[in-house]
Amino acid sequence: MTNITKAYAYLRVSTLEQNTEKNKLEILKFANDKKLGNVEFIEEQISGRTNFKNRELGRLLDIMKKDDVLIVPELSRIARSTTQILNVIEITKTKGIILYSIKENFSNKSNDIASTVASTIFALVAQIERDLISLRTQEALHAKKLSGVKLGRPKGKGKSKLDKYKEDILKLINLKVPKTVIARQYNTTVTNLYGFLKYCREGKEVV
C-alpha cells in the first residue's frame with residue numbers, strides 16, 4: 001500500500017502585528033510550481049524564544065511521516081536560535097520529511113545532510129543571523145515604544161546605541177557579513193560602525 005504524502009506550511013508570527021497573507025500566496029505559488037498538491041497551513045502567534053518542541057511546529061513534526069513536505073517562508077520563522085533551526089533541519093532529514101524554505105531557496109533533499117549543511121553553512125547562518133537580529137531589534141523597539149521609552153542615541157561621552165548589540169555585531173563580523181549590511185540592520189552608518197568596531201575589542205579595530 002502506497003503512503004499518501006501530505007504538504008504542510010508552517011507560519012509563525014511574533015507578538016508584533018504581522019500579516020501572513022503575502023507568505024501564504026508565496027507558499028501556494030511555490031507548491032503549485034513544485035506540484036505538491038494541497039497545502040495545509042499551520043499558524044500560530046508565539047515568540048520564537050519558545051522552544052519549537054513546545055509549539056505547534058513540534059507537534060507537527062511529531063505527526064509528519066516520511067516523504068511529507070514542510071514549507072516555511074524563511075528559516076527565521078522556525079525559531080530565534082540558529083541551533084534550534086539546524087535541529088529542525090536534522091529532524092526533518094532523519095524522518096525523511098522534505099523541508100523547503102522559500103526565502104533562502106533551501107531544501108534538505110540532498111542524500112547527505114552533513115555535506116548539504118557544510119557546503120552552505122556560512123552563507124546560511126549569516127542569512128539566518130541577519131534575519132534573527134532584525135526580528136529581535138524590531139521586537140525590542142516595538143516593546144520600548146509601547147512602554148513609553150524614548151528611542152535614540154544615549155546621552156553621555158563614549159556611549160553608543162550599538163553597545164547593547166556588541167555580541168551580535170562581532171558575530172556577524174566573524175561570519176564575514178558585509179559591514180554595509182550590518183550598518184543597515186542597526187540603522188547606523190558604515191562610518192559609525194567602523195568607529196564602534198575600532199574600540200569594542202580592547203581598542204583594536206576589527207577588519
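What you see is a predicted model; the values in this text were computed from it and never measured.
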Would you say I98 and T92 make side-chain contact, with heavy atoms under 4.5 Å? no

When hydrophobic residues are tied together by side-chain contacts of less than 4.5 Å, even through go-betweens, does F41 share a cluster with I102? yes

Is the backbone of L61 close enough, under 3.5 Å, to the side chain of K95 for a donor and an acceptor to pair up by distance? yes

Which heavy atom of I85 sits nearest to which heavy atom of A79, and what is that distance? CD1-O, 3.7 Å

Please confirm whether the backbone N or O of L193 pairs with a side-chain atom of T188, one donor and one acceptor, at under 3.5 Å? no

I182 with L170, same ILVMFWY side-chain cluster at under 4.5 Å: yes

Going by the angle between their ring planes, with limits at 30° and 60°, are Y186 and Y165 parallel, tilted or perpendicular? tilted

Are the side chain of N108 and the backbone of I97 linked by a donor-acceptor contact shorter than 3.5 Å? yes

Between Y10 and E43, do the side chains contain an N or O donor and an N or O acceptor separated by less than 3.5 Å? no

D62 atom CG, neighbour heavy-atom count above 12 within 6.0 Å: yes

CG of L172 to NZ of K179: how many Å apart, nearest 0.5 Å? 11.0 Å

Transitive ILVMFWY side-chain link F106 to L57, under 4.5 Å: yes

Begin from the C-alpha positions of M64 and L60 and carry the test side-chain contact (heavy atoms from CB on, under 4.5 Å) through to its verdict. CA-CA 6 Å; M64 291 183 72; L60 176 60; 3.8 Å; yes

With the side chain counted from C-beta on, respond yes when L99 and S107 share a heavy-atom pair under 4.5 Å apart, and no when they do not. no

For E56, is there any backbone N or O sitting under 3.5 Å from a side-chain donor or acceptor partner on E44? yes

For the side chain of Q84 and the backbone of F52, is there at least one donor-acceptor N/O pair under 3.5 Å apart? yes

Measuring from L70:CG to Y8:OH, what's the distance to the nearest 0.5 Å? 10.0 Å

Spacing of T189 atom OG1 and N192 atom CG [to the nearest 0.5 Å]: 3.0 Å

When you measure from the side chain of R77 to the backbone of R12, do you find a donor-acceptor pair of N or O atoms at a distance under 3.5 Å? yes

Testing the basics here: between R55 and T50, what is the closest heavy-atom pair and its distance to 0.1 Å? NE-O, 2.8 Å

Of all heavy-atom pairs between N38 and A7, which one has the smallest distance, and what is that distance? O-CB, 3.6 Å

Applying a strict under-4.5 Å side-chain criterion to I, L, V, M, F, W and Y, I'd like to know whether I173 and L162 cluster together. yes

Considering only NZ, NE, NH1 and NH2 on the basic side and carboxylate oxygens on the acidic side, decide whether E21 and K24 come within less than 4.0 Å. yes

Tell me, do I71 and L36 make a side-chain contact under 4.5 Å, heavy atoms counted? yes

Is a donor on one side and an acceptor on the other found under 3.5 Å between the side chain of D68 and the backbone of K6? yes

Side chain proximity check, V72 to N23, heavy atoms < 4.5 angstrom: no

Would you say L75 and I42 are hydrophobically clustered, going by side-chain heavy atoms of ILVMFWY under 4.5 Å? yes

Heavy-atom side-chain contact between Y100 and V69 under 4.5 Å: yes

